[in-house]
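Just below is one structure, and these are the notes that go with it.
Starting from 1, each residue takes its place in the sequence as its number.
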Amino acid sequence: MSKPAPEALVPFVIEQNNATGAVSYWHGGAQQSEADSNGISLAEYNHAMYGLIRQARASRVLMIGLGGGTLATMLDRAGLEVVAVEIDPAIVELARSYFAMPDAIEIHVGDGARFLARETRKFDAIVLDAYSGAEMPAHLLTPAF
């Protein structure tokens, strides 16, 4: 397994709203996830992606980048097979500890581009939601990727 890139190790902050039970995850000054007390995303873009994936009738989804795991949780609860790749192992623990991400979700710690290059399974949908703070890693924005 390769060592995470230094930019992936930026400190993160967990914030809980005591009135609502909502939990937010901030990384590198940018909000990465927000969920209610049941682990359901409060981010509109996650619901849009969820709707598109369900509309496409996908059954196996690859996620590159995990964040709080809220989209993965929503897809898993709908009965989809979810495979996620996250470069920072601390983020995987964060998703399980603070955002109720189910243990059934298959997680790989490492670089998403490297995982995709060697993976032989076919996926019905691939979600690219990998950020280091507010920026997507440059190698995930190249034509080669």
Side-chain angles (χ1 to χ4, degrees), residues 1-17 21-54 56 58-145:
M1 178 171 28
S2 63
K3 183 177 178 183
E7 65 270 17
L9 302 176
V10 174
F12 55 83
V13 173
I14 301 296
E15 181 179 78
Q16 182 170 356
N17 181 320
V23 177
S24 296
Y25 152 50
W26 297 78
H27 191 181
Q31 186 179 42
Q32 301 295 325
S33 290
E34 183 178 21
D36 67 16
S37 58
N38 295 310
I40 302 301
S41 180
L42 297 175
E44 292 174 359
Y45 83 96
N46 272 345
H47 289 275
M49 287 191 293
Y50 175 86
L52 289 170
I53 291 166
R54 298 293 289 145
S59 60
R60 180 183 290 160
V61 178
L62 173 64
M63 297 184 61
I64 298 176
L66 184 63
T70 56
L71 179 59
T73 296
M74 291 165 47
L75 294 170
D76 177 77
R77 288 181 182 169
L80 281 70
E81 178 185 346
V82 179
V83 177
V85 183
E86 171 57 51
I87 199 163
D88 189 341
I91 302 306
V92 175
E93 289 304 313
L94 173 146
R96 295 207 192 280
S97 299
Y98 294 97
F99 290 91
M101 188 180 73
D103 290 336
I105 295 173
E106 180 182 332
I107 304 290
H108 297 269
V109 175
D111 180 81
R114 288 185 185 137
F115 176 87
L116 195 55
R118 70 176 184 272
E119 180 59 40
T120 59
R121 288 179 285 183
K122 302 288 184 200
F123 296 93
D124 302 311
I126 298 175
V127 176
L128 178 58
D129 195 18
Y131 286 87
S132 179
E135 301 294 324
M136 186 170 285
H139 72 287
L140 298 180
L141 298 173
T142 64
F145 175 72

Where is the tightest heavy-atom contact between [X] and [Y], given as atom of each residue plus distance?
X: H47; Y: S41; value: NE2-O, 2.7 Å
X: G68; Y: S33; value: N-OG, 2.6 Å
X: V109; Y: P89; value: CG1-CD, 3.9 Å

To the closest 0.5 Å, what do you measure between [atom1] ([X]) and [atom2] ([Y])?
X: D36; Y: N17; atom1: CG; atom2: CG; result: 11.5 Å
X: I126; Y: M63; atom1: CD1; atom2: CE; result: 12.0 Å
X: Y45; Y: L52; atom1: OH; atom2: CG; result: 13.5 Å
X: I87; Y: L66; atom1: CD1; atom2: CG; result: 13.0 Å

Worksheet item: Side chain of D124, backbone of S59: donor and acceptor closer than 3.5 Å?
Response: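 Present.
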Discussion item. Is it the case that the side chain of N38 and the backbone of I40 share a donor-acceptor pair, with hydrogens and angles ignored and the cut-off at 3.5 Å?
Written reply: no
Considering only distance and modelled atom types, tabulate donor-acceptor pairs under 3.5 Å from the side chains of residues 94-107, sequence neighbours left out.
{"residue": "R96", "atom": "NH1", "partner": "P102", "partner atom": "O", "Å": "2.6"}
{"residue": "R96", "atom": "NH2", "partner": "I105", "partner atom": "O", "Å": "3.3"}
{"residue": "S97", "atom": "OG", "partner": "E93", "partner atom": "O", "Å": "2.9"}
{"residue": "E106", "atom": "OE1", "partner": "R121", "partner atom": "NH1", "Å": "3.0"}
{"residue": "E106", "atom": "OE2", "partner": "H108", "partner atom": "NE2", "Å": "2.6"}
{"residue": "E106", "atom": "OE2", "partner": "R121", "partner atom": "NH1", "Å": "3.3"}
{"residue": "E106", "atom": "OE2", "partner": "R121", "partner atom": "NH2", "Å": "2.7"}

So do [Y] and [X] actually touch side chain to side chain, heavy atoms under 4.5 Å?
X: I91; Y: F12; answer: yes
X: V127; Y: I53; answer: yes
X: F123; Y: V61; answer: no
X: E15; Y: Q31; answer: no
X: M49; Y: D129; answer: yes

Worksheet, complete the sentence: Applied to residues 63-83, the side-chain hydrogen bond (donor to acceptor under 3.5 Å, both in side chains) test, sequence neighbours excluded, yields N46-T70, R60-E81
